[in-house]
Amino acid sequence: GIGVEKDDVQMTIWFRRAAEQGIARAQFNLGNSYYKGRGVEKDRGKAFEWWKKSAKQGYVKAQFNLGVHLQQGRGIKRDDKEAFEWWKKAAEQGMAPAQGNLG
């Protein structure tokens, strides 16, 4: 943190509190914590659950992340059709990498 010692456990506690209140960015960040095992035990299943909650609210980074991981089968079953749908949503919000992935 800025001006304080970094504490991944506390960071994740605060992300969870905000995520449980439906804040899309916090849901995305909590998903990242689970994916990387920062402040919590690594759990890709929980990461995808939180990313999906965030993506359904229109959070573009979560939409793009889901597309990448679905297309590559990272920790979940590969699903090109669903990956395309999430990239399409992100592309519609102007995310250039998602637009590039659509061809």
Side-chain angles (χ1 to χ4, degrees):
I2 299 172
V4 295
E5 191 172 321
K6 185 177 174 181
D7 185 337
D8 288 343
V9 172
Q10 281 298 310
M11 171 190 71
T12 301
I13 288 169
W14 287 105
F15 283 159
R16 179 181 307 288
R17 288 180 181 170
E20 289 173 348
Q21 293 179 37
I23 299 170
R25 184 174 180 181
Q27 291 170 335
F28 173 74
N29 288 333
L30 184 57
N32 286 344
S33 292
Y34 275 111
Y35 189 81
K36 297 174 183 175
R38 292 183 61 201
V40 291
E41 188 172 327
K42 187 182 266 191
D43 186 330
R44 289 189 172 174
K46 286 184 181 179
F48 292 114
E49 288 174 25
W50 284 107
W51 285 341
K52 199 161 204 175
K53 288 179 184 189
S54 178
K56 285 182 177 180
Q57 292 191 76
Y59 194 69
V60 70
K61 290 180 180 180
Q63 292 170 338
F64 180 75
N65 249 25
L66 281 174
V68 168
H69 292 278
L70 284 162
Q71 192 274 330
Q72 296 179 358
R74 286 189 190 168
I76 56 172
K77 183 179 176 191
R78 185 177 174 152
D79 187 333
D80 289 337
K81 183 177 178 184
E82 189 176 353
F84 178 86
E85 292 302 318
W86 286 114
W87 282 338
K88 184 177 175 188
K89 290 177 187 295
E92 288 169 352
Q93 293 190 68
M95 180 177 251
Q99 292 166 345
N101 287 349
L102 294 176

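Because the structure is a prediction, the values reported are computed rather than measured. Numbers here simply count residues along the sequence, with the first being 1.
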- Task: Name the orientation class of the two ring planes belonging to Trp87 and Phe64 (parallel below 30°, tilted from 30 to 60°, perpendicular beyond 60°).
- Result: tilted

- Which of Asn32, Asp8, Thr12, Asn29 passes side-chain hydrogen bond (donor to acceptor under 3.5 Å, both in side chains) with Arg38? It is Asp8

- Task: Verify the cluster assignment for Val60 and Leu102: are they in a single hydrophobic cluster under the rule of side-chain heavy atoms below 4.5 Å apart?
- Result: yes

- Message: Among Lys46, Arg44, Lys52, which residue satisfies the side-chain contact (heavy atoms from CB on, under 4.5 Å) criterion with Phe48?
- Response: Arg44

- Message: Using 0.5 Å steps for rounding, measure from the CG atom of Leu66 to the CZ atom of Phe28.
- Response: 9.5 Å

- Message: If we ignore hydrogens and angles and just use 3.5 Å, is the side chain of Arg78 paired with the main-chain N or O of Gln71 as donor and acceptor?
- Response: yes

- Query: Would a line drawn from the ring center of Trp51 to the ring center of Tyr35 be shorter than 6.0 Å?
  - Reply: yes

- From CD (Gln57) to CD1 (Ile23), nearest 0.5 Å: 9.0 Å

- Here the pair of heavy atoms bringing Arg16 nearest to Leu30 is CA-CD2, 3.8 Å

- Under 3.5 Å, is there a donor-acceptor pair between the side chain of Gln63 and the main chain of Ala55? yes

- So, the side chain of Gln99 versus the backbone of Ala91: is there a donor-acceptor pair under 3.5 Å, distance only? yes

- Please check if Val68 and Tyr59 belong to a single hydrophobic cluster, counting links between Ile, Leu, Val, Met, Phe, Trp and Tyr side chain heavy atoms closer than 4.5 Å. no

- Item | Heavy atoms of other groups near Arg25 CZ, more than 12 under 6.0 Å | no

